Structure formats: C-alpha cells, structure tokens
Amino acid sequence: MNKKTLLLNPSQIDIAADIIKRGGLVAFPTETVYGLGADALNDDAVRSIFKAKKRPMDNPLIVHISSIEQLNLLAEKIPKKAKKLAERFWPGPLTMILKKKSIVPLSVTAGLDSVAIRMPKNDIALALIEKSGRPIAAPSANLSGRPSPTNHSHVIDDLSGRIDAIILGGSVDIGLESTVIDMTRSIPTILRPGKITPRMIQNQIGFVSLFKGTSSKPASPGMKYRHYSPKAKVILVKYSKHQKQKISELIADYQKGNKILVLSREKIPSDSAPNIKNVVIGSTIAEMSNAIFKEFREADKEGDDIIIVEGTKETGLGIALMNRLGKAASIIVK
Ligand code: TXA
Ligand code: MG
C-alpha cells in the first residue's frame with residue numbers, strides 16, 4: 001500500500017467528513033484512543049479498515065454514533081438497562097453490544113448478529129460523525145498487535161501511506177480503550193474493562209458479571225489475539241508490600257546483556273548503569289493509564305529488551321490498566 005495520507009487539522013473536519021462519505025478511511029481522536037474510521041454502512045469501506053490495519057476479519061468493529069437516532073438505526077430489541085446506561089454514560093467510554101439490525105453489514109460484526117456501539121466524548125469525533133452523516137465503524141488506529149495509539153504521531157507511525165487521512169488531535173484524555181459490555185446476555189457481562197468501572201455500571205443497573213476469558217474461550221473475538229504488545233519482553237510486578245524489592249531483584253537478575261526499561265510510580269533505587277532506564281510514568285492510576293501505550297511504543301523505538309512495570313491496585317480504573325498490562329506481559333510476578 002502506498003496511499004497519500006492527508007494530515008488534517010481539526011479545523012479541516014469537512015474534508016475528513018467528505019472522505020468518510022466517499023468510502024475512505026480517516027483516523028480521528030476519541031477520549032480513549034485514536035480510531036480508524038469508515039462509513040459503517042458501506043461494506044467495501046469497512047473491509048478496507050481490516051486491510052489497512054492487517055486486522056483478522058473475525059474481529060468485529062465498534063460503531064461510533066453521535067445521536068440516539070443512530071442507535072435505533074443500528075440496533076433492535078434494546079433492553080431497558082442498555083437505555084439507562086446510554087443515558088448515564090454517553091457520550092463516554094462505554095461500548096454496548098446489542099442485537100444488530102440488518103442494515104449493519106456483516107463485515108462490521110465479523111458475521112455476528114450483535115453489534116458494538118458507542119458514542120465517544122470528543123468534539124472532533126462527534127463532529128466527524130455529524131458532518132459525514134454516517135455512523136462510523138472504527139477499531140483502534142494501530143497496526144494489529146501494536147499498542148493502541150494515544151497521540152496522532154502513533155497513528156502516523158503505524159498507518160501513514162495506508163489510509164486517506166489522519167486528524168491531528170494531539171494526545172487523548174484516557175489512554176485505555178472503552179469498557180465493552182455485552183447487553184445481549186441475560187446478565188450483562190463486561191468483556192473488556194475500561195474507565196467506566198463495574199461498580200459504576202452496577203450502581204445504574206444492578207448485577208453485572210466480569211468475563212474472565214481464556215484464549216480457547218475468549219470474552220469477545222478480539223480478546224483471543226495477543227494485544228497491546230511491545231517488542232520487548234514485559235514483566236509485570238503485581239501490587240504488594242514487597243513490590244519495590246521485587247523490582248530491584250528483577251533488575252539485578254536481568255541486568256546482564258539486556259537493555260532494561262523500568263516503568264514505575266516513583267524512582268526505583270538501583271545501580272546506575274547505562275543499560276537501565278527508569279521512567280516514572282505517573283503517581284496516579286489515571287496518569288499511568290494515560291502514559292502506558294506511549295511508553296511501550298517508545299521502548300520499541302529504543303530497542304529495549306525488557307520492560308519491568310510496577311502494577312497497581314485492581315480497583316476502579318486500575319482494573320482496566322492491570323488487564324492491559326496483563327495482556328502485554330509474558331511474565332507476571334506476584
Ligand atoms: O475506546 C475504544 O473502544 C476504541 C475507540 C476508537 O473507540 N476502539 C477500540 O476498538 O478499542 P477495537 O476494535 O480495538 O476493540 C473493539 C473490541 C474488540 O475486542 C472486539 O472483539 C470487541 O470490541 N467487539 C466488537 N464487536 C463485538 C461483538 N459484536 N461482540 C463481542 N465483541 C465485540
Ligand atoms: Mg484495538
């Protein structure tokens with residue numbers, strides 16, 4: 001592929017909307033991560049998303065909307081609980097799986113009879129959907145298998161020459177993908193944790209379950225693929241009293257012959273050696289979540305061999321952060 005990829009300022013949204021109307025591909029910011037968008041009702045356009053990202057065809061896409069009318073255009077038999085969640089959390093980082101109407105092409109849903117829908121909380125994303133007049137199918141705007149893009153520069157690195165345009169929207173707010181909840185099951189089930197936590201959802205609609213998938217029985221089609229992975233071997237050190245001690249031990253164990261990156265909340269004491277770099281990525285879970293994918297990408301550029309990450313408590317947004325870190329990690333130390 002060697003397309004000319006336009007780099008557009010947010011003020012050039014009309015050009016981006018025209019590209020969507022004509023069946024092209026536009027990467028745009030949302031509050032979570034950048035998305036790679038196409039007209040969700042145009043089968044050819046949707047198929048070209050999979051090609052540009054090298055995404056397996058059996059991994060369905062999220063459709064982004066800007067109004068409740070579009071929800072009713074795409075989904076049927078919408079449960080009361082789903083309406084309640086839409087009212088409370090949209091626009092926002094919550095994706096709901098609902099029964100699809102036949103207007104939604106099977107390429108969007110990878111052949112499933114359900115469709116994933118969300119209304120993003122980002123002015124550029126909402127304007128793009130409104131001005132194009134189309135619901136927009138969009139996975140994260142990374143090459144398949146790479147960390148999700150949290151700045152337009154990441155999209156340029158991955159997809160330049162493969163798509164029609166990239167909207168230069170700067171850094172995103174959250175940095176982790178939306179919560180995905182399956183509302184077609186009798187007990188609503190969270191397939192992917194995100195900023196909207198199980199507790200926040202439960203406060204609105206009562207009991208929900210949190211699906212802990214395995215690779216043979218993934219929570220959703222996308223969950224069976226190895227995700228969010230930098231090239232370096234990621235070692236995740238779980239939150240505990242001895243966490244700092246464990247990290248120091250790991251540094252000592254791997255120091256020889258490896259370029260090591262340590263991502264932590266505070267400086268980790270260790271011998272200062274040229275092959276060990278410690279980046280403090282934020283003192284709160286929100287700051288860490290916002291920085292993690294960017295740091296993974298930078299580690300790739302630096303050619304790091306090992307990334308040691310300080311895990312957080314698994315509450316609130318920490319559930320989502322630890323989910324992504326767990327997927328990226330090849331070793332998890334308790
Ligand atoms: O925050 C986000 O959700 C970002 C922004 C761009 O909106 N999008 C995103 O898309 O992360 P993607 O394609 O990287 O992840 C979508 C996830 C995948 O795990 C996919 O398998 C799942 O949603 N999914 C989509 N449709 C589904 C369906 N009908 N049933 C079950 N899972 C579905
Ligand atoms: Mg993705």
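It should be emphasised that the depicted structure is a prediction, and the values quoted were computed from it without experimental measurement. Counting convention: from 1, in listed order, for ligands and their atoms alike.
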I'd like to know if [X] and [Y] make a salt bridge, using a cut-off of under 4.0 Å between side-chain N and carboxylate O.
X	Y	value
Arg22	Asp18	no
Glu31	Lys121	no
Lys244	Glu310	yes
Asp157	Arg297	no
Lys131	Asp14	yes
Arg185	Asp182	yes

I'd like to check which ligand 1 atoms, numbered from 1 as shown, lie under 4.0 Å from a non-hydrogen atom of [X].
X	result
Ile62	3 (O), 8 (N), 9 (C), 10 (O), 16 (C)
Thr32	1 (O), 2 (C), 4 (C), 5 (C)
Asn59	18 (C), 20 (C), 21 (O)
His64	5 (C), 6 (C), 7 (O)
Leu112	28 (C), 29 (N), 30 (N)

Would you kindly specify which portion of Asp182 sits under 4.0 Å from ligand 1, judged on non-hydrogen atoms: side chain, backbone, both or neither?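 Neither; nothing of Asp182 gets under 4.0 Å from ligand 1.
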Where on Arg55 is there a heavy atom closer than 4.0 Å to ligand 1, on the side chain, on the backbone, on both, or on neither?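 Answer for Arg55: side chain.
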At the 4.0 Å heavy-atom cut-off, does Ser114 count as touching ligand 1?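 The answer is yes: ligand 1 sits under 4.0 Å from a heavy atom of Ser114.
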Could you check whether any heavy atom of Lys100 sits closer than 4.0 Å to an atom of ligand 1, since that is the contact criterion I want to use?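 No, Lys100 has no heavy atoms under 4.0 Å from ligand 1.
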Counting heavy atoms only, name the option from Ile97, Asn142, Val63 that's nearest to atom 30 (N) of ligand 1.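 Selected option, by shortest heavy-atom distance: Ile97.
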Who's closest to atom 2 (C) of ligand 1 heavy-atom-wise, of Pro60, Ser140, Ser178?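 Among Pro60, Ser140, Ser178, the closest heavy atom to atom 2 (C) of ligand 1 belongs to Ser178.
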Side chains of Ile117 and Leu74, heavy atoms from C-beta outward: is any pair under 4.5 Å?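 In short, these two side chains touch, coming nearer than 4.5 Å.
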Would you call Thr150 and Ser171 a side-chain contact if the rule is heavy atoms closer than 4.5 Å?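 No. Closest side-chain heavy atoms not under 4.5 Å.
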Could you tell me whether Arg118 and ligand 1 have an N or O pair separated by under 3.5 Å?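 For ligand 1, there is an N or O atom that lies under 3.5 Å from one belonging to Arg118.
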N, O or S from Ser144 under 2.8 Å to the Mg ion (ligand 2):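 Checking the Mg ion (ligand 2) against Ser144, no N, O or S atom falls under 2.8 Å.
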State whether a side-chain donor-acceptor pair under 3.5 Å links Asn278 with Ser264.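 Asn278 vs Ser264: donor-acceptor pair found between side chains.
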